[in-house]
Protein chains: 2
Amino acid sequence: MNKYNHPGVPYFQHVSEHCIHYMSIDGVIFGFSENQLKVLLLRWKGTDEWSLPGGFIYKLESVDAAAGRIVQERTGLNQLYLKQFHVFGDANRYDQADTWQRTKMPLEGIKWSERTISIGYYALVNYSKVTPMPDLITDECRWWNIQDLPRLLFDHNHIIEVALHSLRRELNEQPLNHLLPDPFTIPELQRLHECILGTALDSRNFYKKMLASGQLERLPERRSGTSHKAPYLYRFQETQSGEILPEPGT
Amino acid sequence: MNKYNHPGVPYFQHVSEHCIHYMSIDGVIFGFSENQLKVLLLRWKGTDEWSLPGGFIYKLESVDAAAGRIVQERTGLNQLYLKQFHVFGDANRYDQADTWQRTKMPLEGIKWSERTISIGYYALVNYSKVTPMPDLITDECRWWNIQDLPRLLFDHNHIIEVALHSLRRELNEQPLNHLLPDPFTIPELQRLHECILGTALDSRNFYKKMLASGQLERLPERRSGTSHKAPYLYRFQETQSGEILPEPGT
DNA sequence: TTGCTTTACGTAACTTGTACGTAAAGATAC
DNA sequence: GTATCTTTACGTACAAGTTACGTAAAGCAA
């Protein structure tokens, strides 16, 4: 692939014409599988360089809608929980020359911003319902364990860290069922809490706390096969189901 | 004042040329005086319409720096605590035709965005150290009690509500000393908590909690004059002084 | 001096969180 | 099939934090 046939060129030309300049959205898409917290990453065309999924805001598009569109296109989900968590607005967020060179994206002919302000959203999605799809400028889209991420493009390692810290702080208010199978077991919920918090929890106290919260509804069935004693299945009660974007702000 | 000599015209022309389009910053500047939580508002030139102080981001300026500049210009303070709290990005945040007509700002000749995404920052400032200063497009800058605000321009009533809710949620982590005289008394700190929370607190429990936190340092002197029994003066210990922008994000 | 308000500190009941014990259910080993 | 191990489900004891309320000292006003 050379600079004359790179599919990113028409894409960035389209963005430059129709989207808001100096501004982007980055999505930290969290999934949970095999007792691991994961994020969805993209590998740029013709490189070994990875980044978060991201995109741009059309001039007359709501920012939440843009974030929803971007995450939807990578996951195939049309119902998802999204939360705006931070704006990354430093004038020098990363070494631009170095980063763009790593992407092998030929931007010479395109009117492009000298800097980009990025609005960070995180999404909580059901791992098993996601079909990872690369976009026009990437070859591959797949899950990475949050524990062993590579060095990412731009300042995306930092953005993921801030997203994880935000999720950690807001853990008890977030609809974590979006990350779990439906229904789920208490041990599964505990593993998820442990992955997000990065600490081990006492299972007996965790049980007590979850049941005392009154948000869980126990089903008559148990999860069979996996564990020694089959655990009961649970659902979150209707109240905090959390549809698309139940933002405090709007 | 007519459309031909309005000082906003050259201002908006300057902004249109040098600042990022489709994007602004709004500052909710909190102050505390006479047992009332207050915000600083601006009255637009030749009108009775009020709005939050705001401004625009220069193309190569950090967003935090832009917010600091904007708040600094209205308050005269060069040391201040600022916190980014939300992005207001709806495509239709308010009725544009109605709002701009209320401002009496003649924008006809100026290349202006069809919509604006606004990054909300709140500032905690020392009321007595602020010198409210109007900008180029406003006649008056003064404090308003948060209890009895007028109907503001744009969606600024909503932005203030979201700012207050954010402050309320983050109350225990925020350096509230920025809102108080230095040193301050425990009753003063309690009034401030009550104003932010909107509820009455038990003074005996409040004392206990504040002293148990270990963050307060009692001075030998007492505040004289005001109350029946003179209360001791306190300072927050060095640790959580909170200089300019100790952001979790960066 | 008497009465009132505000500060400063204390006690008791209650709730929440943490540490750890244990039996039942299922899987695996012998 | 029985013993052993792991995991779930539920329980108890103690510590820490929260809430409710009592009270004396300090200052102001009558």
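Just so we're clear, the structure is a prediction, and the values are computed from it rather than from any experiment. By convention in this document, chain letters (A, B, ...) are assigned in the order of the sequence lines, proteins followed by strands, and residues within each chain are numbered from 1.
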Atom CG of A:D148 with >12 non-hydrogen neighbours under 6.0 angstrom: yes
Per atom distances to the B:Y232 side chain, the nearest of D:dC10, D:dG27, C:dA8 is C:dA8
Do B:N126 side-chain atoms and B:L180 backbone N/O form a donor-acceptor pair below 3.5 Å? yes
Classify the side chain of A:K208 and the base of C:dT16 as holding, or not holding, a donor-acceptor pair under 3.5 Å. no
Which whole-number value in Å describes the distance from A:F206 CZ to D:dG11 P? 18 Å
Expressed in angstrom and rounded to an integer, what is the separation of B:L219 atom CG from C:dA8 atom P? 12 Å
Gap between atom CG of A:L41 and atom CZ of A:R142 - 0.5 Å precision: 8.0 Å
Contact under 4.0 Å: B:R191 side-chain N or O vs C:dT6 OP1/OP2: no
With DNA chain D as reference, determine whether B:D202 or A:S203 sits nearer its 5' end, using the nearest nucleotide of each. A:S203
So does A:E221 have more than 12 non-hydrogen atoms from other groups sitting under 6.0 Å from CD? yes
To the nearest Å, how far apart are A:E194 CD and D:dT7 C1'? 14 Å
If I take atom CZ from residue A:R74 and atom CG from residue A:L40, how far apart are they, to the nearest 0.5 angstrom? 9.0 Å
Given C:dC20, D:dG27, C:dA24, which nucleotide is nearest the side-chain atoms of A:K229? C:dA24
From CZ of A:R223 over to C1' of C:dA27, roughly how many Å is that when rounded to an integer? 18 Å
Which one, C:dT7, C:dT5, D:dT8, comes nearest to the side chain of B:H228? C:dT5
Whole angstrom is fine here: how far is it from CZ in B:R218 over to P in C:dT7? 13 Å
From the options D:dC10, C:dT18, D:dA26, select the nucleotide whose nearest atom is closest to the side chain of A:N205. C:dT18
Expressed in angstrom and rounded to an integer, what is the separation of A:K209 atom NZ from C:dT16 atom C1'? 10 Å
Measure the distance from CG on A:L201 to C1' on C:dT18 and round it to the nearest whole Å. 12 Å
Between A:Y234 (OH) and D:dT8 (C1'), how many Å, whole number? 10 Å
Going by modelled atom types, is there a donor-acceptor pair between the base of D:dG11 and the side chain of A:R204 at under 3.5 Å? no
